[in-house]
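Please read the structure below before turning to the comments.
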Amino acid sequence: MPDGELLGGRIVETEAYLQNDEAMHAYRGKTARNAPLFGLPGTSYVYFIYGVHYCFNVVTEAEGIASAVLIRGLDQIDDANGPGKLCRRLKIDLSHNGLDLSSTDSPIWIARGTELEAPIITTTRIGITRAADKPWRFYILGSSGVSRRDRIAERGNDCVS
DNA sequence: CCGAGGATCATCT
DNA sequence: GATGATCCTCGGT
């Protein structure tokens with residue numbers, strides 16, 4: 001692994017973006033920006049949004065098929081709830097686009113997870129303007145890395161039950 | 001607590 | 001010239 005500070009956490013919130021999905025950046029074909037989406041599974045796809053934030057994705061399907069999972073939150077680390085904050089916290093920017101996340105020689109990599117202690121909740125995706133009805137957002141119930149809105153909702157459920 | 005609005009720019013039309 | 005897979009601040013209740 002590269003020298004320097006090592007920082008990481010557990011992925012606790014994601015959204016899937018698929019081929020033939022209107023919300024997918026490559027829905028209208030390949031461009032310079034979205035080219036990494038067509039790469040090998042395990043490739044990173046980082047883009048800049050709203051003139052302010054970076055978002056970090058992992059390519060999931062075979063080469064040539066546009067697909068990605070947006071990493072929306074980590075726990076075991078402070079202030080990494082939400083895709084923009086996560087990138088700010090880990091100092092992820094466009095220089096981390098197109099990396100091989102399966103290699104520990106990469107400045108960013110992803111390790112295999114462990115068994116979960118809490119259920120995975122499935123909801124619709126957040127903040128998109130198209131295909132907003134698709135239930136392709138997933139998060140670990142009760143995790144501190146999940147969007148504030150859902151932590152509050154879940155706390156309310158706990159009170160009821 | 002909640003909703004509205006602004007920041008700010010790479011990318012595509 | 002418009003748009004957006006976000007976040008923060010502000011004002012009303």
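The sequence lines fix the lettering, A, B, ..., with proteins before strands; numbering per chain opens at 1.
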note: H25(A), atom NE2; dT6(C), atom C1'; distance rounded to Å ~ 12 Å
Here the distance between atom C1' of dT6(C) and atom CD1 of I92(A), to the nearest Å, is 15 Å
- Item | SB check E13(A) R125(A) (cutoff 4.0 Å) | no
Notebook entry, point to check: Have N34(A) and T31(A) got a donor and an acceptor in their side chains that come within less than 3.5 Å?
Noted result: yes
Margin query: Quick one about H96(A) and Y54(A) (side-chain donor to acceptor, distance below 3.5 Å, no hydrogens or angles considered), yes or no?
Written below: no
Between CG of L86(A) and C1' of dT6(C) the distance, given in whole Å, is 12 Å
Closest non-hydrogen atoms of L18(A) and M24(A), given as atom of the first, atom of the second and distance, are O-CB, 3.3 Å
In this structure, OH of Y17(A) is separated from CH2 of W136(A) (nearest 0.5 Å) by 10.5 Å
Separation of dT3(C) atom P from R28(A) atom CZ, nearest Å, is 13 Å
Each base of DNA chain C marked ( ) or [ ] if paired in-strand (Watson-Crick or G-U under 3.5 Å), | if paired to another strand and . if unpaired gives ||||.|||||||.
Between CG of L70(A) and C1' of dG4(C) the distance, given in whole Å, is 13 Å
Interatomic distance, CD1@I92(A) vs CG@N97(A), rounded to 0.5 Å, equals 11.0 Å
Margin query: Is the phosphate of dC8(C) approached by R88(A) (side-chain N or O, under 4.0 Å from OP1 or OP2)?
Written below: yes
Protein-nucleic acid N or O pairs under 3.5 Å, nucleotides 10-12 of chain B:
from	atom 1	to	atom 2	distance (Å)
dC12(B)	OP1	T31(A)	OG1	2.1

Q) Under 4.0 angstrom, heavy atoms only, what part of the nucleic acid is G51(A) near: base, sugar-phosphate, or nothing? A) base
Whole-Å distance, Y50(A) OH to dA2(C) P, equals 17 Å
Between CG of L18(A) and P of dA5(C) the distance, given in whole Å, is 15 Å
Practice item. Determine, step by step, whether T123(A) and R137(A) satisfy the side-chain hydrogen bond (donor to acceptor under 3.5 Å, both in side chains) criterion, reporting the C-alpha distance in whole Å, the side-chain angles of both residues, the deciding distance to 0.1 Å, and the verdict. Key: CA-CA 5 Å; T123(A) 69; R137(A) 171 169 174 261; 3.0 Å; yes
- Query: L70(A) versus C55(A): any side-chain heavy-atom pair under 4.5 Å?
  - Reply: yes
Whole-Å distance, H53(A) NE2 to dA5(C) C1', equals 12 Å
What one should report as the nearest heavy-atom pair of V58(A) and G42(A) is CG1-CA, 4.1 Å
